[in-house]
2 protein chains.
Amino acid sequence: MKVTIKEVAREANVSPSTVSRVISDSSQISEETKERVRDAIKRLKYKPNAIARSLANRKSRILGVVLPNEAQDLITNTFFIQAMKGMSKYAQNKRYYITYAFSEDEKAELEYINNFITSNLVDGICLLRARTDDRSIKYLKETQFPFVVIGRPEESENLLWVDNDNFQATYNLVNELVKKGHKCISFLGAKKDWNVTKDRFKGFKVACEINGISIQDKNFVIMDDFNEQEGINGTIKLLENITPTAIIAEDDVLAFGILKVLNERKIKNIDVVGFNNSPLAELQIPPLSSVDINSEELGYHATKILIDFLENDYTSINHYIIDTKLVKRESFK
Amino acid sequence: MKVTIKEVAREANVSPSTVSRVISDSSQISEETKERVRDAIKRLKYKPNAIARSLANRKSRILGVVLPNEAQDLITNTFFIQAMKGMSKYAQNKRYYITYAFSEDEKAELEYINNFITSNLVDGICLLRARTDDRSIKYLKETQFPFVVIGRPEESENLLWVDNDNFQATYNLVNELVKKGHKCISFLGAKKDWNVTKDRFKGFKVACEINGISIQDKNFVIMDDFNEQEGINGTIKLLENITPTAIIAEDDVLAFGILKVLNERKIKNIDVVGFNNSPLAELQIPPLSSVDINSEELGYHATKILIDFLENDYTSINHYIIDTKLVKRESFK
DNA sequence: TTGTATGCGTTATCAG
DNA sequence: CTGATAACGCATACAA
């Protein structure tokens, strides 16, 4: 049988409310009785019941995370497990729990979110990856439920988010390439209405312009999806009109496609850089240089910003930028 | 403000207990009032409070999963995310929630488990991967707390587990190799005290013996850890004493190391087969044949067996074997 | 078939 | 500084 606060109270010869106060280390309890109660707690090995506590507090200390379940994920999914790890790291520090749900599609995602909220199980929600015109975000905003997004949302005022500075990262990358003497740089992306695409492309474009490299339509290709085949198709299309000296891929999977084409055509003098630094990057031929987005940090700060918000009720910081880092390998060094 | 069971009761002109009964679809309530209450529920958009329900039921419908620190191995981790996906799939069906925690080491793991149990937050626990002499399992057994293990534990009586038949899978694999004419087969594994290692090695050994292939010490190597470098070292060691026509790797990451050595030495006539069918397998040169362990199914049935146990309180089935499937690619076909 | 009263294990309010 | 007492939202034994 579980030992409750009552047993402890009896053991320590105080009332249950006193025990409760000792547990929350209330300042208005004498050190003496605190000692006595703590002793009793130890002796009886008492642990507070999280559920009962949640009910009384109307706070569960549980966070809900909804994982999207899109086709592209299987390969790139180290992002998810890493982000989840980062999330749990901070949450565990703060004695929060995290519960997760995989959604089959956007509709299911909304359902899970709705369920999380209305069942009163979670105090806050964490969304991985913002879509454009994101219905989940819209819904969460409407209901005023606390949540954080990994990936900058379109309308980012008044909501919590964590992301890399994708503009800056790509901007810097172009500069590095230029420093190495590159004069004709191409960009291969996908999902033109995703914010991450917009940001990275913009960083590419602006940096090129600053460096006096003119960017025309033939300099870049934006595909529909993130997968190797699209990378292959995009590269073929690109090479029809132009022969760049370097290609930036918005994501490693696209870069894998690029490398395939280059290998096949035995083209050796085009540098390639991807994004995300997936574990597969270093196994490519040649090993792929890639911008590490620091997934674990993204997750860590997502829960940090959310929990801080929940506890302070009001914070000045509503977003956080995670550093990126170019990992140089054979494909560009 | 959240609408509670009281509001609904008032709206439907019944008592709260009646509403409660309607929610659990009690047979002893007239269809008529059921209708009326359901109407009220819809009108008021009432959703039961999960926490309050948990307290009253003394069941949270929350499962806890503890991820081992080996999850850090970024390369092999598709197993974890896939297992988690499978777990959530069944749990969601049954309206269970899953909360996870990453443990840094065995000590932390024990702490999390203890916390899960004593805080009364979870109804059951799922462990990923059994160690030998597993303290977590021992502890869970002692406390009599419901739990399931993915990966056959040493003493598997009276506890729930899910696993592949690793003996059988390796046994069959050897037979396939023999059928293709192989007469000298080697085994490269790691972590000699893991059950999965024991089982796969045993399958290898027995099958070889049955086929009249004698197995001596030079025929196999068991390394310390699962990573590519260990695969490389193991292969080098192996090839010092023997030149097999086929090598079985206990895990794909080890196989990646094997392929590296073979490529470097331009050895073309050794077939290689790994385990786990990681997404990287097909990207190897040559594409690696691998035994798919069906991670998602493992997770799915783990929660299934656990939830079934929790709900029936007593089940005859206490373990479940998940099929494996050899995926043939260039490295062995 | 339905309602009343009580408990689930805490926390919070209000006295003392 | 400490102790009753009443919530928190729901479930259920017992009555009616």
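Here the structure is a predicted model, which means the values were calculated and not measured. Lettering follows sequence order; numbering is per chain, from 1.
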Report yes if at least one side-chain N or O of [X] is closer than 4.0 Å to OP1 or OP2 of [N]; otherwise report no.
X: A:R53; N: C:dT11; answer: yes
X: B:S54; N: D:dC10; answer: no
X: B:S17; N: C:dT4; answer: no

Which whole-number value in Å describes the distance from [X] [atom1] to [N] [atom2]?
X: B:L121; N: C:dG9; atom1: CG; atom2: P; value: 15 Å
X: A:K59; N: C:dA12; atom1: NZ; atom2: C1'; value: 13 Å
X: A:Q28; N: D:dC1; atom1: CD; atom2: P; value: 8 Å
X: A:D25; N: C:dT10; atom1: CG; atom2: P; value: 18 Å
X: A:K6; N: D:dT5; atom1: NZ; atom2: C1'; value: 12 Å
X: A:I23; N: D:dT2; atom1: CD1; atom2: C1'; value: 15 Å
X: B:L44; N: D:dG9; atom1: CG; atom2: P; value: 15 Å
X: A:N49; N: C:dT11; atom1: CG; atom2: P; value: 10 Å

Between [options], spot the one nearest the side chain of [X], thanks.
X: A:S20; options: D:dG3, C:dT11, D:dC8; result: C:dT11
X: B:R21; options: C:dT4, C:dG9, D:dG9; result: C:dT4
X: B:V14; options: C:dG3, C:dT11, D:dG3; result: C:dG3
X: B:L55; options: C:dC8, D:dT2, C:dT11; result: C:dC8
X: A:T4; options: D:dT2, C:dT10, D:dA13; result: C:dT10
X: A:T18; options: D:dG9, C:dT10, D:dT2; result: D:dT2
X: B:Y46; options: D:dC10, C:dT10, C:dT2; result: D:dC10

* **Distance (rounded to the nearest 0.5 Å) between A:N164 CG and A:E297 CD** =>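 That separation rounds to 10.5 Å.
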
### Base C:dT2 to side chain B:T33, donor-acceptor N/O within 3.5 Å cut-off
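Answer no: no donor N or O sits under 3.5 Å from an acceptor.
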
Worksheet item: Quick one: does A:R58 reach the base of D:dG9 with a side-chain donor-acceptor pair under 3.5 Å?
Response: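 Check fails, no donor-acceptor contact within cut-off.
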
* B:I62 vs A:L121 side-chain heavy atoms within contact, under 4.5 Å ->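 Touching, per the 4.5 Å side-chain cut-off.
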
- Which part of the nucleic acid, if any, lies within contact of B:K34, taking any heavy atom under 4.0 Å across all strands shown: a base, the sugar-phosphate backbone alone, or nothing?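 No contact.
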
Original post:
For A:P48, which contact category applies under a 4.0 Å heavy-atom criterion: base, sugar-phosphate, or nothing?
Top reply: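 Counting heavy atoms under 4.0 Å across all strands, the contact made by A:P48 is with sugar-phosphate only.
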
- Can you tell me if A:S54 uses its side chain to pair, donor with acceptor, with the backbone of A:A50 under 3.5 Å?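 Indeed, once roles are kept as given, a pair shorter than 3.5 Å links the two residues.
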
*DNA chain D: A:N57 or B:A56, which has the more 5' nearest nucleotide?*
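The residue closer to the strand's 5' end, by nearest nucleotide, is A:N57.
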
Can you label the angle between the A:Y300 ring and the A:Y90 ring as parallel, tilted or perpendicular, going by 30° and 60°?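 A:Y300 and A:Y90: perpendicular rings.
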
Residues A:D165, A:R152: salt bridge by 4.0 Å N-O rule: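 A salt bridge is absent here (no side-chain N lies under 4.0 Å from a carboxylate O).
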
### Steps toward side chain to side chain donor-acceptor pair (under 3.5 Å) verdict (A:S15, A:T18)
CA-CA 5 Å; A:S15 75; A:T18 303; 3.2 Å; yes

